[in-house]
Peer 1: 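Have a look at the structure that comes next, please.
Throughout, residue positions are numbered sequentially from 1 according to the sequence presented. Bear in mind that the values here come from a model prediction, so they are computed numbers and not experimental data.
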Amino acid sequence: MKDKKIVLTGEDASCQATVKTTSVVLTGDRPSGNLHIGHYVGSLATRLKLQADGGYEIYILIADLQALTDNAHQPAKVKNAVLELMLDYLAVGLDPKHVHFVLQSAVPALAELPMYYMNLVSQARLERNPTVKNEIKTKGFNKDVPVGFVNYPISQAADITAFNATVVPVGADQAPMLEQTREIVHTFNSLYGATLVMPTAMLPNKSCCRLVGVDGNGKMSKSLGNCIYLKDDAVTVEQKVRQMYTDPNHLKITDPGKVEGNVVFTYLDAFYPDQKHLAELKDHYRRGGLGDVALKKLLAETLNNLLAPMRERRAYYEQHLDTVLNYLRAGTQRAIEVTNETLARVRKAIGIFQL
Ligand code: ATP
Ligand code: MG
């Protein structure tokens with residue numbers, strides 16, 4: 001690891017923070033259920049690529065404090081999802097030799113930093129956050145939204161800055177979160193001097209942003225029950241694919257079929273490795289003569305090829321839960337050290353009374 005001067009932004013040229021770092025990546029998930037193939041295209045594939053590229057210090061945060069912000073009445077759901085998430089991570093190929101797995105609630109600095117950042121953000125600004133606004137609506141909170149939930153962008157800012165993250169891979173829906181973090185960094189550094197590292201968003205490439213659910217309605221999402229999970233067995237995947245909606249006017253094999261909006265093709269676009277062959281299949285389907293059964297068989301095979309090695313790794317780790325826990329303990333221990341350094345810098349910059 002080498003000393004690196006982190007330049008904030010143009011207008012922040014007067015406040016630059018120097019910390020020991022390579023490119024630091026922070027990413028993570030709320031433990032609220034298992035990961036699905038939407039997560040694979042939307043975030044896990046990027047993490048695997050960053051891991052394979054090397055040259056990054058990668059922290060993967062299991063954000064259980066954040067999951068509690070809208071699951072306070074069902075803490076067991078959050079607790080039980082922690083190990084499931086670890087199993088999903090290891091199954092997909094994230095490797096503790098290259099990434100640090102961190103349990104948010106076990107890192108005290110992540111709970112203290114928001115106490116300082118909260119004073120730098122107005123309530124009106126929080127309520128304007130489009131991601132949060134949308135989530136409050138879809139979760140049906142109305143005026144009963146928990147304070148912790150509205151506040152979670154500040155908690156995310158704490159997570160990102162605590163690790164001195166320079167790169168934050170985000171889904172398009174999460175971009176406003178990073179904007180909030182950048183604002184907090186700017187305000188903090190302007191007020192208390194160069195202390196926090198300015199992070200940059202890494203957005204997924206457009207074509208792979210958002211995978212629709214197996215029902216074709218909106219995005220694949222745990223809470224909508226329209227997912228193919230990474231842990232689904234081969235038969236379950238075949239069943240889910242068989243039930244997929246295609247083109248309702250494609251009744252006979254000889255009928256011309258519609259490719260656009262056809263969920264089976266959307267999935268083949270995302271997962272079928274031979275895009276040239278896929279273009280031929282699309283032409284064939286449009287002309288007529290290619291049946292849904294054959295197409296669905298191809299899709300089920302494609303998905304099962306992707307998921308088979310994940311199932312194998314998961315089965316291994318399910319038999320070695322102590323090892324899984326030790327990976328989480330080791331990553332969390334490292335996180336405690338790094339984030340305590342940031343916390344000390346923050347307390348010093350503000351000028352907290354030292355006992
Ligand atoms: P919930 O139903 O609880 O909201 P979810 O299944 O939508 O869960 P999230 O935890 O909200 O999953 O997703 C976390 C991140 O994973 C998103 O910000 C996005 O980057 C990625 N992601 C989730 N679902 C998809 C999807 N269908 N397509 C692409 N990316 C996705
Ligand atoms: Mg969601």
Side-chain angles (χ1 to χ4, degrees), residues 26-33 59-75 77-79 81-82 85 102-165 168-192 195-199 201 222-223 335-336 339-340 342-343 345-347 349-350 352:
L26 180 80
T27 159
D29 299 275
R30 298 152 38 98
S32 58
Y59 293 94
I60 300 191
L61 189 69
I62 300 186
D64 57 342
L65 292 179
Q66 197 193 114
L68 282 171
T69 63
D70 58 338
N71 285 291
H73 301 287
Q74 35 187 353
K77 172 180 149 190
V78 175
K79 181 184 177 190
V82 170
L85 200 50
V102 180
L103 182 64
Q104 188 185 29
S105 61
V107 183
L110 300 182
E112 183 173 337
L113 284 170
M115 292 300 290
Y116 304 119
Y117 297 173
M118 269 187 251
N119 307 325
L120 307 178
V121 182
S122 74
Q123 184 160 332
R125 171 65 182 91
L126 272 187
E127 287 167 359
R128 259 200 328 270
N129 185 312
T131 310
V132 179
K133 239 166 130 175
N134 188 34
E135 286 175 341
I136 289 174
K137 206 164 132 212
T138 52
K139 289 177 195 286
F141 279 138
N142 297 318
K143 288 276 169 216
D144 295 326
V145 59
V147 173
F149 189 82
V150 190
N151 206 38
Y152 91 73
I154 296 182
S155 170
Q156 274 188 349
D159 300 335
I160 293 166
T161 54
F163 289 92
N164 304 309
V168 183
V170 287
D173 55 338
Q174 292 288 312
M177 296 304 188
L178 197 71
E179 239 357 270
Q180 176 73 83
T181 300
R182 290 173 56 86
E183 278 174 37
I184 289 173
V185 170
H186 179 78
T187 308
F188 191 103
N189 286 352
S190 306
L191 200 57
Y192 302 123
T195 311
L196 302 175
V197 174
M198 184 65 81
K222 287 181 292 250
S223 46
I336 290 172
T339 59
N340 275 346
T342 306
L343 182 62
R345 247 184 12 255
V346 161
R347 292 168 62 101
I350 299 174
I352 301 286

Peer 1: Kindly indicate, with the supporting measurements, whether the criterion side chain to side chain contact (heavy atoms under 4.5 Å, CB included) is fulfilled by I184 and T181.
Peer 2: CA-CA 5 Å; I184 289 173; T181 300; 5.7 Å; no
Peer 1: Using modelled atom types only, decide if a donor and an acceptor are shared between the side chain of D64 and the backbone of V82 within a distance under 3.5 Å.
Peer 2: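 Checking the backbone N and O of V82 against the side chain of D64, no donor-acceptor pair under 3.5 Å is found.
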Peer 1: Can you tell me how far apart CG (D144) and NZ (K139) are? Round to the nearest 0.5 Å.
Peer 2: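 Those atoms lie 15.0 Å apart.
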Peer 1: Do we see a donor-acceptor contact under 3.5 Å between the side chains of R345 and N164?
Peer 2: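 Yes.
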Peer 1: Report the distance from atom CD of E112 to atom OH of Y116, rounding to the nearest 0.5 Å.
Peer 2: 3.5 Å
Peer 1: Hey, what do you get for CD (Q174) to CD (Q180), rounding to the nearest 0.5 Å?
Peer 2: 12.5 Å
Peer 1: Report, as yes or no, whether the 6.0 Å neighbourhood of atom CD on Q123 holds more than 12 heavy atoms from other residues, nucleotides or ligands.
Peer 2: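 At most 12 heavy atoms, drawn from other residues, nucleotides or ligands, come within 6.0 Å of this atom.
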Peer 1: Shortest non-hydrogen contact from I60 to G28?
Peer 2: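 Nearest pair, atom of I60 first, then G28: CG2-CA, 4.3 Å.
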Peer 1: Taking atom CD of Q156 and atom CG of L26, what is their separation to the nearest 0.5 Å?
Peer 2: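 One finds 9.0 Å between CD of Q156 and CG of L26.
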Peer 1: Would a 4.5 Å heavy-atom cut-off, applied to side chains only, mark M177 and V170 as touching?
Peer 2: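 Side-chain contact under 4.5 Å: no.
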Peer 1: Quick one: do the Q104 and D159 side chains pair a donor with an acceptor below 3.5 Å?
Peer 2: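 Yes, a side-chain donor-acceptor pair sits under 3.5 Å.
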Peer 1: Only one of R30, E135, Q66 passes side chain to side chain donor-acceptor pair (under 3.5 Å) with Y152; say which it is.
Peer 2: E135
Peer 1: Measure across P153 and N129 and return the closest heavy-atom pair with its distance rounded to 0.1 Å.
Peer 2: CG-ND2, 3.8 Å
Peer 1: Using the test ring-ring contact (aromatic ring centres under 6.0 Å, His included), find all partners of Y192 that sit at least two apart in sequence or belong to another chain.
Peer 2: F188
Peer 1: Who pairs with Y59 by ring-ring contact (aromatic ring centres under 6.0 Å, His included), at least two apart in sequence or on another chain?
Peer 2: H100, F163
Peer 1: Check whether any side-chain heavy atom of V102 lies under 4.5 Å from a side-chain heavy atom of V107, and answer yes or no.
Peer 2: yes
Peer 1: Would L61 and L110 count as a side chain to side chain contact (heavy atoms under 4.5 Å, CB included) if you check the C-alpha gap in whole Å, the side-chain angles of each, and the deciding distance to 0.1 Å?
Peer 2: CA-CA 11 Å; L61 189 69; L110 300 182; 4.0 Å; yes
Peer 1: Counting N and O atoms only, with roles assigned by atom type, does the side chain of R182 sit under 3.5 Å from a partner on the main chain of P199, one being a donor and the other an acceptor?
Peer 2: yes
Peer 1: Shortest non-hydrogen contact from L126 to V150?
Peer 2: CD2-O, 3.6 Å
Peer 1: Give me the atom names and distance for the closest heavy-atom approach of S32 to K77.
Peer 2: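 Nearest pair, atom of S32 first, then K77: O-CE, 3.5 Å.
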Peer 1: Taking everything shown except K79 itself, do over 12 heavy atoms lie less than 6.0 Å from its NZ?
Peer 2: no
Peer 1: Take D29 and I62 through the side chain to side chain contact (heavy atoms under 4.5 Å, CB included) test and state the conclusion after the steps.
Peer 2: CA-CA 5 Å; D29 299 275; I62 300 186; over 6 Å; no
Peer 1: Measure across G33 and A81 and return the closest heavy-atom pair with its distance rounded to 0.1 Å.
Peer 2: N-CB, 3.8 Å
Peer 1: Work out which heavy atom in H186 is nearest to a heavy atom in M198; give both atom names and the distance.
Peer 2: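 That would be N-CE, 4.1 Å.
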Peer 1: List the steps, then state whether side chain to side chain contact (heavy atoms under 4.5 Å, CB included) holds for I154 with L120.
Peer 2: CA-CA 10 Å; I154 296 182; L120 307 178; over 6 Å; no
Peer 1: Could you verify whether a donor N or O on one side chain and an acceptor N or O on the other, from T161 and Y117, lie under 3.5 Å apart?
Peer 2: yes
Peer 1: So how far is it from I160 CD1 to L113 CG, rounded to the nearest 0.5 Å?
Peer 2: 12.0 Å
Peer 1: Within the side chain of T69, is there an N or O that forms a donor-acceptor pair under 3.5 Å with the backbone of F149?
Peer 2: no
Peer 1: Let me confirm one number: the CD1-CG distance from I350 to N119, rounded to the nearest 0.5 Å.
Peer 2: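 Atom-to-atom, I350:CD1 and N119:CG are 8.0 Å apart.
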Peer 1: Does the N71 side chain pair with the main chain of A67, one donor and one acceptor, at a distance under 3.5 Å?
Peer 2: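 Checking the backbone N and O of A67 against the side chain of N71, a donor-acceptor pair under 3.5 Å is found.
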